[in-house]
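See below for the structure under consideration.
Side-chain atoms are counted along with the backbone in the values below, which use heavy atoms only and exclude waters and symmetry mates.
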Amino acid sequence: MKFAYKFSNLLGAFYRHGNLCFSKDGNSVISPVGNRISVFDLKNNKSETLPVSTTKNISCLGINPDGNLAILIDEDGAAVLVSLVTRAVLHHHHFHSPVHSVSFSPDGKKFVITKENVALMYHAPGRNREFNGFALDKSYYGPFDETTCIDWTDDSKCFAVGSKDMTTWIFGAERWANLIYYSLGGHKDIIVGCFFEKDSLDMYTVSQEGTLCVWESDTELEGLRKEGEGNNDDDDVEEIIGEDGETRGDVIKGSTDTPKQVEGIKNVRYSQRSKHYFNKAGDFNKLTAAAFHKKTRILVTGFASGAFHLHELPEFDLIHSLSISDQRISTIAMNPTGDWIGFGCSGLGQLLVWEWQSESYVFKQQGHFNNMNSLAYSPDGQYLVTGGDDGKVKVWNTNNGLCFVTFTEHSSSVTNVAFTSSGFVVVSASLDGTVRAFDLHRYRNFRTMTSPRPAQFSSLAVDSSGELVCAGSQDSFEIFLWSMQTGRLLEVLSGHEGPVSNLCFSPVQSVLASVSWDKTVRLWDMLDSWETKETLRLTSDGLAVTYRPDGQELAVASLDGEITFWNPQTGGQAGSIAGRHDLQMGRKETEKITAKQSAKGKSFTSLCYSADGESILAGGQSKFVCIYNIKEHVLMKKFEISCNLSLDAMEEFLDRRKMTEFGSLSLVDEGTGDGDGVELSLPGVKRGDMSSRRFKPEIRVGSLCFSPTGRSWATASTEGLLIYSLDASLVFDPYDLDMDVTPASIRQQVKKKEWASAILLSFRLNEMALKREVLEAVPYDQITVVCSSLPDVYVDKLLNFVASTLEKSNHLQFYLSWAQCLLTLHGQKLKNRSGAVLPTVQQLLKSIQRHSDDLSKLCDWNIYNIRYAAALSKQRGMKRTAAESLSDEEEEEEEVAMDSGGDEENIMNESIIVEI
C-alpha cells in the first residue's frame, strides 16, 4: 500500500500568476497556482487542486460557458484542455509563442486566444470525438504591438481585442458586410480592459494611465448584415490553404484606413461619448487590472498600490473604494451574479473574494511569501503547521486545505515548528532568537522563550509530555532547554563543536538526540542531570536525525549523502543507505558545472519514518522524494514533486539554444519587466527602481512529515505544501473503462437485476442522473446484500452520493437505509480514514438534521391539527349529548307534570266525593 500514495492536494499556495475565473454557478473560484490550478469552493469552504499540470507556470486560463471544460496555457504557449468534471486531460496543443489571454464565446462554439499582435479564433471542442480538438477558424491582424485582453458580445457575433499600442480592435466573428474590423484610439497607455455593453456594440475601454473611454456605436447587433447580402470584394479577407490542400482558416487583416463600404450597406461607426479619469490631479497610480459585469454595469478597477474602485457605468458614479493590499492587484474577476469580486495579488500570493454589497470578505487566503521551511502534523492528523522565511507560522486544516490562523510575532525566518502531544499548542523556533508557543484555543502567543545571549535557533524539539522544549543554536553550538509551563530556561547543553542542525526526542523515553556539523550524534538523558548518554560518530557532517515511532531505531542523514541507522540502546550502527545518486540533481542555469558533478556535494536534508516504521522518506535539494525500505536497504519509489520547468534546477542538461561562447544567456541580467521569477528591489524603493532584477526559485524539499494516521504524508517545497495520500482517488478512472461501459449497458445490467455491477458501472461514468436511476431501482430488501459486496473504493463514493442526494430527495427511508447499511458494514474501514470521510459524514448528519427539523415541524403541526380536530369533535359531541340530555329531561318533566295534573284531579274528585 505504501507505493499507492498519490498527489492529493496543494496547500500554502493560492495564486501565483495569470487570470482568475469563477465557475458557472458562481460559488467557486478557479485560480492558477504555478503549473497547476486550484478550485476553491466558497460555499462549502473547501479547496481542491486538480491532478493535472502544465510544463511551466500557467499564464492564462479560460472556462467554457457550460463550466465543464478549461483551457490552461503556460508561459511558452503550451495548452492543455482539461475536463473539470472528470479532472482528466483531454487534449494537448502548442501555440509556439506566449499567449496573453484566452476567452470562450458566450455560445461556447468558438474561443479566441491572443498572442503577439494577432488574435486566433478556434472552433471550441464539442461533444463529438475529434482527433484535433483545436481547429483554427480565423486569424485576425490589426494591432501593431502585443495584444492584452479580449471581450465578446452577448450573441457571439463580435469580439474586441486590446493592445499595447494603445488601440482597441473590434472584429466580426463571422463575415459581416458592415463590420469586418474597427479600430478605437483615444488612450495614451496600454489597454488593460475592453468591455461590450449588454446586448449592444457600445464599448468601454480602460488603459493603464487610468483613463476610461465610453464609445457609442451607430448600429445595433441586429443591424449586422451577412456578407452575402451585399457585394464584397473580400480585399481584407484571405484564405489559408495548407500543403495538403485543406483550408486552414481565414486571415482578416485590419489597417488604420477606413474599411471599404459595401454598396447599399452602411458601415458600423463609433463615436466617443465621454472620457473619465480614475486618478486625481497630480496623483499617478498605475491601473493594473479591470473587470466589468454587464448586467449590473459595475466596473471594477485594480491599481498598483493595492487599491480598487467600483464604478457604475456609463455615469461613472463611484460606489466603493478600498485598499486590500500593499502590492499591485494582478487580476480581477466577477462571478456571474455580480455579487462577488475575486482579486489576485501575485506579489504576495494573495487570493481574496470581496462581496461589495455587504462590504465583507467571502474568502481571504495568503500563503508563505518566501520559502516554506518546516512543517508538522497534529497528533490526530487533522491539522498541519508550517513556518516560512517570511516569519509567519500558519496552521492548516487538512480536510478543506485552508489556513485558519496565522501568527506573525516572529521578526525573522521561522526555521522549525512542532505540535505538542495535546495538539492545541504550536511551538516555533526562529532566527530572531526566540522560541514561541501559540495557543490554538485563544489564538495567542502565550510563551516566549529566549536565551541568555542572543542566538539564532535552527532546530527545535518538544518531548512527548509537552513539558520540555529544546532549541539548537547555529552560532553558539549549544542546545537550550526550557520548561513549557513556566517558560524558564532550565539548562544549556554544551558539547557540540559545530552548529546544531537537528533535534529529536525519543517517543518512548526522555532522551534527546542532537546532530551537528561536528560529525557526531549525541543522546542526552533528560532524567539524569541532562548529561550525554551516548555519542555516535559519523563519517560526515550530520544534517538530520529522527526516531522510529517505537523509539528502537535512529536514522541520521549526513553530508556525504548517506542515511545511517543506529540502535539508540547499544549505540551500534544497524545499517546504511547510500542515497546520493537517487537525488538526481538538476543543473541550475547559472552553474558552471554539470548536474552530475554538482550532485556529489548534495545530500538529504530531511528524514521521516512511516507510521509503521518499515520505510523512511528522504528529501533534499532535488525535485524527488525517495522512500526506502529499511530492512532491505533498497529504494522502493521516487516521488517527483514537481515537473514545473519555470523553477530552477529542474533539468539535468541546459538548453543548448541558450548557450553562447560567453556562457548561458540566463547570466545576463535583463532588469525589471514582465519576466519570470520573483522580483527583488532595493529597500525603500517603491517605484522606478532600475536596479530591480529577478531570479528563478530553485526546486527543493524543505521538510517532510508523515501523518500519524499513516494514510498520508506532506512535504514543504518550493511549490508549496504538497500532500500525498492513499485516499486520493480520481473522479474518473480511465483504466477501468472500456467502450462497452455505456448508459445502455448499465440499464441492461439493471434489467438483469445485477445491482452491484450496475452501481459500479454508473459510478465509473459518474453521471448524477444515471447513478440516481440505478440506485433507486434496487429493491429495498436487497440493500444489505449490495452494500456487503461493494469494493472499498466505491464505499466512500456511494456514501458521498447518498449524503448529497438525501439532502434533496423525498425518499427518506430508502436513502437512510443505504446510509445505515454502509456505515454498519464498512464502519471500521471508514473509521481508519476518518479524515477523508469526515466531510461526508458531516454532510450526511446535516441532511438528516435538516430533514428531521422539517419533519418534526410538519409532524408537530399535524399533531396540533389532530388534537384540535379531536378536541373540536369532542366539544361538539358534548354539546350534542348535553342537548339530547336536556331534551330528555324536558320530556320527563312534561310527563311528570301530566302525571301530577292527573293526581290533582283525582284528589279533587275524591275531596268532592267526600264532601258529598
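- F14 is not listed as a side-chain neighbour of S47, based on a closest heavy-atom distance of 4.5 Å or more.
- Considering only heavy atoms from C-beta on, V625 comes within 4.5 Å of W713 through its side chain.
- Q366 is linked by a side-chain contact (heavy atoms from CB on, under 4.5 Å) to L348, Q350, K392, counting only residues two or more places apart in sequence or in another chain.
- Within the 4.5 Å cutoff, no side-chain heavy atoms of I63 are placed close to those of F22.
- One finds the CD1 atom of I627 at 6.5 Å from the OG atom of S610 (value rounded to the nearest 0.5 Å).
- Applying the side-chain contact (heavy atoms from CB on, under 4.5 Å) test to C403 and every residue at least two apart in sequence or in another chain returns Q365, K394, W396, T406.
- With sequence neighbours excluded, the residues satisfying side chain to side chain donor-acceptor pair (under 3.5 Å) with D25 are S23.
- Annotation: side chain of C21 is in contact with side chain of L61 (closest heavy-atom distance under 4.5 Å).
- Residues that satisfy the side-chain contact (heavy atoms from CB on, under 4.5 Å) test with S330, not counting sequence neighbours, are Y15, R328, S346.
- Here S615 contributes atom OG and F706 contributes atom CZ; the two are 7.0 Å apart, rounded to the nearest 0.5 Å.
- Partners of H94 by ring pair (Phe, Tyr, Trp, His ring centres under 6.0 Å), not counting sequence neighbours, listed by chain and number: H96.
- Pairs engaging residues 617-634 under the salt bridge (charged side-chain N to carboxylate O under 4.0 Å, His left out) rule: K623-E640 [sequence neighbours left out].
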May I have the list of side-chain donor-acceptor pairs in residues 32-41 shorter than 3.5 Å, sequence neighbours left out?
| from | atom 1 | to | atom 2 | distance (Å) |
| --- | --- | --- | --- | --- |
| N35 | ND2 | T54 | O | 3.0 |
| S38 | OG | T49 | OG1 | 3.0 |
| D41 | OD1 | K43 | N | 3.1 |
| D41 | OD1 | N44 | N | 3.3 |
| D41 | OD2 | N44 | ND2 | 2.9 |

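- Rounding to the nearest 0.5 Å gives a distance of 8.5 Å between OG of S59 and NE2 of H100.
- The side chain to side chain donor-acceptor pair (under 3.5 Å) test applied to T148 returns no partner, not counting sequence neighbours.
- Residues meeting the ring pair (Phe, Tyr, Trp, His ring centres under 6.0 Å) test with H92, sequence neighbours left out: none.
- Across P51 and R87, no two heavy atoms sit closer than the pair CD-CG, 3.9 Å.
- To the nearest 0.5 Å, the span separating OH on Y609 from CG on L617 amounts to 11.5 Å.
- A heavy-atom distance below 4.5 Å is not found between the side chains of L721 and H368.
- A donor-acceptor pair under 3.5 Å is absent between the side-chain atoms of H91 and the main chain of L81, judged by distance alone.
- Annotation: the span from L352 atom CG to I332 atom CD1 amounts to 11.0 Å, rounded to 0.5 Å.
- A distance-only check finds a donor-acceptor pair linking the side chain of R580 to the backbone of D560 [under 3.5 Å].
- Minimum interatomic distance between A555 and I616 (heavy atoms only, all atoms of both residues): CB-CD1, 3.5 Å.
- Nearest heavy atoms, L704 versus C608: O-CB, 3.9 Å.
- Contact check for V112 versus S103: no side-chain heavy atoms found under the 4.5 Å cut-off.
- Between N45 and N400, the closest heavy-atom pair is O-CB, 3.1 Å.
- Panel note: side chain N502, backbone S459; no donor-acceptor pair is recorded below 3.5 Å.
- Not one N or O on the side chain of K115 forms a donor-acceptor pair closer than 3.5 Å with the backbone of G77.
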Practice problem: For V102 and I73, run side-chain contact (heavy atoms from CB on, under 4.5 Å): C-alpha distance rounded to whole Å, both residues' side-chain angles, the deciding distance at 0.1 Å, then the answer. | Solution: CA-CA 9 Å; V102 57; I73 307 176; 4.1 Å; yes

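- Counting only N and O atoms by type, the side chains of S101 and T114 include a donor and acceptor under 3.5 Å apart.
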Quiz prompt | Trace of the side-chain contact (heavy atoms from CB on, under 4.5 Å) decision for L559 with L543 | solution = CA-CA 7 Å; L559 192 61; L543 300 178; 4.0 Å; yes

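- With hydrogens and angles ignored, the 3.5 Å screen pairs a side-chain donor or acceptor of D74 with a backbone N or O of D76.
- Between L607 and V545, every side-chain heavy-atom pair lies at or beyond the 4.5 Å cut-off.
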Exercise. Report the C-alpha separation of I699 and I641 in whole Å, then their side-chain angles, then the decisive distance to 0.1 Å, and conclude whether the side-chain contact (heavy atoms from CB on, under 4.5 Å) test is met.
Key: CA-CA 9 Å; I699 183 68; I641 60 173; 4.1 Å; yes

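- Remark: the backbone N or O of Q382 is paired with a side-chain donor or acceptor of T398 at under 3.5 angstrom.
- The shortest distance between side-chain heavy atoms of L583 and F604 falls below 4.5 Å.
- Applying the side chain to side chain donor-acceptor pair (under 3.5 Å) criterion to N397, with sequence neighbours excluded, gives no partner residue.
- Look at E146 and K164 and you find a salt bridge, because one of the NZ, NE, NH1 or NH2 atoms lies within 4.0 Å of a carboxylate O, short of that distance.
- Nearest approach of F134 to P125, heavy atoms of both residues: CE2-CG, 3.9 Å.
- For N64, the side-chain contact (heavy atoms from CB on, under 4.5 Å) test picks out D66, N68, L69, F104, with sequence neighbours left out.
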Quiz item: Checking side-chain contact (heavy atoms from CB on, under 4.5 Å) for the pair R700/T605: CA distance, chi angles, key distance, verdict?
Solution: CA-CA 10 Å; R700 71 184 185 94; T605 57; over 6 Å; no

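- The minimum heavy-atom distance between N57 and S646, with the atom names listed, is N-OG, 3.0 Å.
- In this structure Y628 satisfies the side chain to side chain donor-acceptor pair (under 3.5 Å) test together with D582, sequence neighbours excluded.
- The OG atom of S413 sits 6.5 Å away from atom CG of N373, with the distance rounded to the nearest 0.5 Å.
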